[in-house]
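Notes follow once the structure below has been shown.
FYI, side chains are in, hydrogens and waters are out, and symmetry mates aren't considered; it's all heavy atoms of this structure. Quick note on labels: first sequence line is chain A, next is B, and so on, each numbered from 1.
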Amino acid sequence: MSRYNVRESEAKWQSVWAERNSFAVQADPSKPKTYVLEMFPYPSGRIHMGHVRNYTIGDVIARYKRAKGFNVLHPMGWDAFGLPAENAALERGVHPGKWTYENIATMRGQLQSMGLAIDWSRELATCRPDYYRFEQKMFLDFLKAGLAYRKESWVNWDPVDNTVLANEQVIDGRGWRTGALVEKRKLSQWFLKITHFADELLGALTSLDRWPEKVRIMQENWIGKSQGLRFFFSLSGGHADLEVFTTRPDTLFGASFVAISPNHPLAATLAEGNADLAAFIAECNRSSTSEADIEKAEKKGFATGITAAHPFVPGWDLPVYVANFVLMEYGTGAIFGCPAHDQRDLDFARKYGLPVKPVVVPEGQDPAGFSVGDEAYTGPGLLRNSDFLDGMAVEAAKTAAIARIESLGRGTGTTMFRLRDWGVSRQRYWGCPIPIIHCPACGAVPVPEAQLPVTLPEDVTFDAPGNPLARHPTWKHTTCPHCGGAAVRETDTFDTFIESSWYFLRFADPRNEQVAFDKELVKYWLPVDNYIGGIEHAVLHLLYSRFWTRALSHVGYLDLPEPFGGLFTQGMVTHATFQDADGKWVFPTDVDLQGGKATLKAGGTPVTVGPVIKMSKSKKNVVDPQSIIETYGADAARLFMMSDSPPDRDLEWTEAGIDGAWRYISRLWRLVTEPGFTLPAAGTPAPASFGAEATAIRRAAHKAAAGVGDDIEQYRFNSAVAKLRIFSNALGESLARLAAKAAEGAAPAADDAWAAREALEYLCQTVQPVMPHLAQQMWVELGHSDLLVDRSWPVADSALLVEDTATVAVQVNGKLRATLALPRDAAEDVAKAAALADPAVQKAMDGKPPRKVIVVPNRIVNVVV
RNA sequence: GCCCCAGUGGCGAAAUGGUAGACGCGGCAGACUCAAAAUCUGUUGCCCGCAAGGGCGUGCUGGUUCGAGUCCGGCCUGGGGCACCA
């Protein structure tokens, strides 16, 4: 019995594909194109199972589409700027650039060992000046077009390290390295006007019909368009009028306080003469900038002593608070509180003993008996205790309240977005330099185009806290392009989301040295037809990319409304967790699982098996793809990734699963190499007719060709693999029957043998997208010398796809009582008669006459008695 | 706190509103073997029953329908995102 030599086969075909440039593509307007893209990896060091899953999904689609005759663009690159490179520099003294490029080299080799059908000639890395130079140009073009501007905003500040912290680096309000309480600080930073496109980005979501519904909903909520009212309160104590925004103007008569953000200008003014208030604001600023942290924090307020006059009721004064849950970034940074109908306001009111007056009462409830306890009422209802709004429904009351405010000249009904402008400044080294020069005389001046790119200096040190660019001895010193005087460079770098907002465009024309990309090439290849990645990018990366594409269209780079026509979000790869007797996490490779018992391989002490969760280094529940590929081969890893779990759900990695994948590979190999009788030569003409066995073999093969393809198109890979197994199981049984006859001296009939070869060839072709190396090696075993990747997808003969009989279920009152074998598409009355004649059905009917009979052709007959 | 998603045998799962559990893992029984591994065959949702057969069953709960895993309402549990991780 010959054994499939995985290592030899996989290495051989990978080098053949590379030598022949099998996957290099050129734009060709005469051919239909498709663009398959997986979210490019951050070069963290080694590939992980999430990458294997991501790139296998894309590769299966790319290979299938290619077989279907498409010109397939399937590129790969590196999202190479980012925080981990600087952490490596801090922890190990490695230069971020060296660390990054070494990681890229390792990971490229690992990805290539997966046998991906990628055009490597298009590879890019975002940390290279020949990539980021164009992004500097784009930024300057945005600046010219008024889409970029500078303003003050808040950052997390570590007072010990004197460093800006990412939200990720703030743990329980403290800096991750120093443990110091984090403060908020204001810095002058660059922003991009994503809000300029808020309405467009929202409206176009409906055109993205090949996106998951949940991602569209998340983006819709993120953009957060709401209709509401902006209006002014007159304040006591001679302060200027205070503008607030509300989405619930209908509840104005339920107001019991007014609250402003700790970062509101009025709060700062009031704090000048009030040390207690200043201390309260300082306390509020001793928390991270993360919205989740702010929302989860206990609601706290500070009574300022001033009051706001209710706009409708003369003499009704509301106390004004500074409150920690009011965000300066949303609306006007000031609100009025209606505790009965907003949970946060209610929590606040209960804490400070403010009135809770319901003004919306559910229809049909007695207003007198309606009160609010610990839960605010946010549902529909009719207005009460609300003067001119009494009796109106919520929507009508909103309109009436807005109209009244407008007629009083105290405000206007407006549309508000939750979406905020995109802050792109980062106080870090390993990013794209922002091409700006600060001149004491001329202000912020763009770097002239001829001087681009502004490159990062190599000689930086990480021995002191803060941004190495800012303390570099020479780099920032330059002259002003306007006046020629001494000036300094901007030392902030761009948010790394910028690089990932246009790399999919660069792939269309990755070696262009003049411009970011050629318009015509982008027109041919874009949009991305299948974009595949993790659900964690559902909002930020995808929304920024949509914005960037629109902004580029706005300044004339291209004419493309949406970058990603089709999107697929995959689930995570999970694994069981293990802990030793001391509670320390243990790698799966160090655990011996036998007879339901888990023990440590070294020493045999018992190990506790914990929950199955996302693979993560900190919990050590990781399996290294490279060792799996070395042991079982890339095809087994790819098959496992595609089997069992649907791709949008989490996938649990198990030893048993990869073993099963390997067994299936062995089974296919035996099927092809040991059919048990001699196959006709490749290319033998088809016989004139086929007998029963031959037809059965052909049915299985042609059904697989049709079904597997359909499933791949719809991302139903687990179902595609099931269909491959059904096909190979049926084929195996047929071959075994023919082989048994051959062993008795009866060589298979010409039609049977021909059908067997056809089916084995179909098997190679249908298995190829998932297991390309095995498929190609089997193809060679069948006597072919060409490359399977150059063959088109096998044709499914529609005559072989339909059965002559249908199994029809018969229900009595919805309960299954019998099944009938009826001719396909039998007439309704024939099906009805057959059903009523069935003894089991008659027994269930118990002599009662049928009241109604529902017939669904080829499926079901339901008798109602 | 707010937004989004998922939940089906021992396990991963399948099922245009129409036979719930395809396909696979694991288990059990058998064949081959001195034995083991590998491989092959059969069987496998739960309960009652010798069997024929019957009953129950898709997180919980209520509804729509001739018919609900699928549609609608309310809950429970688990996961993702929340703007400086990528």
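- The side chain of A:Asn87 places no N or O atom within less than 4.0 Å of a non-bridging phosphate oxygen (OP1 or OP2) of B:C85.
- The nearest pair of heavy atoms linking A:Met641 to A:Arg53 is SD-CB, 3.6 Å.
- Taking 4.0 angstrom as the limit, A:Asn718 places a side-chain polar atom (N or O) nearer than this to OP1 or OP2 of B:A14.
- For the 3.5 Å distance criterion, the side chains of A:Asp347 and A:Gln343 qualify, holding a donor opposite an acceptor.
- In a base pair of the Watson-Crick type (N1 to N3 plus N6-O4 or O6-N4) or a G-U wobble (N1-O2 and O6-N3), with each distance short of 3.5 Å, B:A15 is matched with no nucleotide.
- Geometrically, A:Lys299 does not engage A:Phe348 in a cation-pi contact, judged by NZ or CZ lying under 6.0 Å from the ring centre and within 45° of the ring axis.
- The residue A:Pro646 sits close only to the backbone: its heavy atoms come under 4.0 Å of sugar-phosphate atoms, none of a base.
- Between A:Arg663 and A:Trp222, the residue anchored nearer the 5' end of RNA chain B, judged by the nucleotide with its closest heavy atom, is A:Arg663.
- Across all strands, A:Lys296 comes closer than 4.0 Å to base atoms (heavy-atom distances).
- Looking at heavy-atom distances under 4.0 Å, A:Gln427 makes contact with a base.
- Partner of A:Ser153 under the side-chain hydrogen bond (donor to acceptor under 3.5 Å, both in side chains) criterion, chosen from A:Lys186, A:Lys184, A:Gln189: A:Gln189.
- Comparing B:G26 with B:G18, their P atoms are spaced 33 Å from each other, to the whole Å.
- The side chain of A:Arg725 contributes no N or O atom lying less than 4.0 Å from OP1 or OP2 of B:A22.
- Using a 4.0 Å heavy-atom cutoff across all strands shown, A:Phe325 reaches no nucleic acid atom at all.
- Here A:Arg216 lies out of heavy-atom contact (under 4.0 Å) with every strand.
- Distance check on atom C1': B:C82 versus B:G12 gives 32 Å, rounded to whole Å.
- For B:C5, neither phosphate oxygen OP1 nor OP2 lies less than 4.0 angstrom from any side-chain nitrogen or oxygen of A:Arg649.
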Step-by-step salt bridge (Lys or Arg N to Asp or Glu O under 4.0 Å) determination, A:Lys723 to A:Asp711: CA-CA 9 Å; A:Lys723 284 183 176 130; A:Asp711 281 343; 2.8 Å; yes
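- OP1 or OP2 of B:C84 lies within a sub-4.0 Å distance of a side-chain N or O belonging to A:Arg426.
- When only modelled atom types and interatomic distance are considered, A:Tyr664 and A:Ser728 share a side-chain donor-acceptor pair under 3.5 Å.
- A:Ser645 comes within 4.0 angstrom of sugar-phosphate atoms only, judged by non-hydrogen atoms across all strands, and of no base.
- Remark: the separation of the C1' atoms in B:C5 and B:G10 is 27 Å, to the nearest Å.
- Backbone-only contact: A:Asp79 has heavy atoms under 4.0 Å from sugar-phosphate atoms and none from a base.
- Among the protein residues, A:Gly82 comes within range of the sugar-phosphate backbone only, with heavy atoms under 4.0 Å from sugar or phosphate atoms but none that close to a base.
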Go through the steps to decide whether A:Glu291 and A:Arg418 satisfy the test salt bridge (Lys or Arg N to Asp or Glu O under 4.0 Å), and finish with yes or no. CA-CA 13 Å; A:Glu291 186 175 325; A:Arg418 202 184 79 99; 3.8 Å; yes
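- Listed pair A:Asn167 / B:A83 meets the phosphate criterion, a side-chain N or O lying under 4.0 Å from OP1 or OP2.
- Among B:G55, B:C84, B:G53, the nucleotide with an atom closest to any side-chain atom of A:Arg817 is B:G55.
- For B:A15, one of the phosphate oxygens OP1 or OP2 lies less than 4.0 angstrom from a side-chain nitrogen or oxygen of A:Arg716.
- For the pair A:Arg667 and A:Leu816, nearest-nucleotide mapping onto RNA chain B gives the more 5' position to A:Leu816.
- For B:A86, one of the phosphate oxygens OP1 or OP2 lies less than 4.0 angstrom from a side-chain nitrogen or oxygen of A:Thr496.
- Checking B:C40, B:U16, B:C85 against the side-chain heavy atoms of A:Arg859 singles out B:U16 as nearest.
- Within the 4.0 angstrom heavy-atom criterion, no nucleotide atom of any strand lies near A:Val853.
- Note on A:Ala656: only backbone sugar-phosphate atoms sit closer than 4.0 angstrom, heavy atoms only; bases stay farther off.
- Atom C1' of nucleotide B:G24 and atom CD1 of A:Ile665 are separated by 15 Å, given to the nearest angstrom.
- B:G67 has its base anti relative to the sugar, with a glycosidic angle deviating from 0 by more than 90°.
- Within the 4.0 Å cut-off from OP1 or OP2 of B:C56, at least one side-chain nitrogen or oxygen of A:Lys815 is found.
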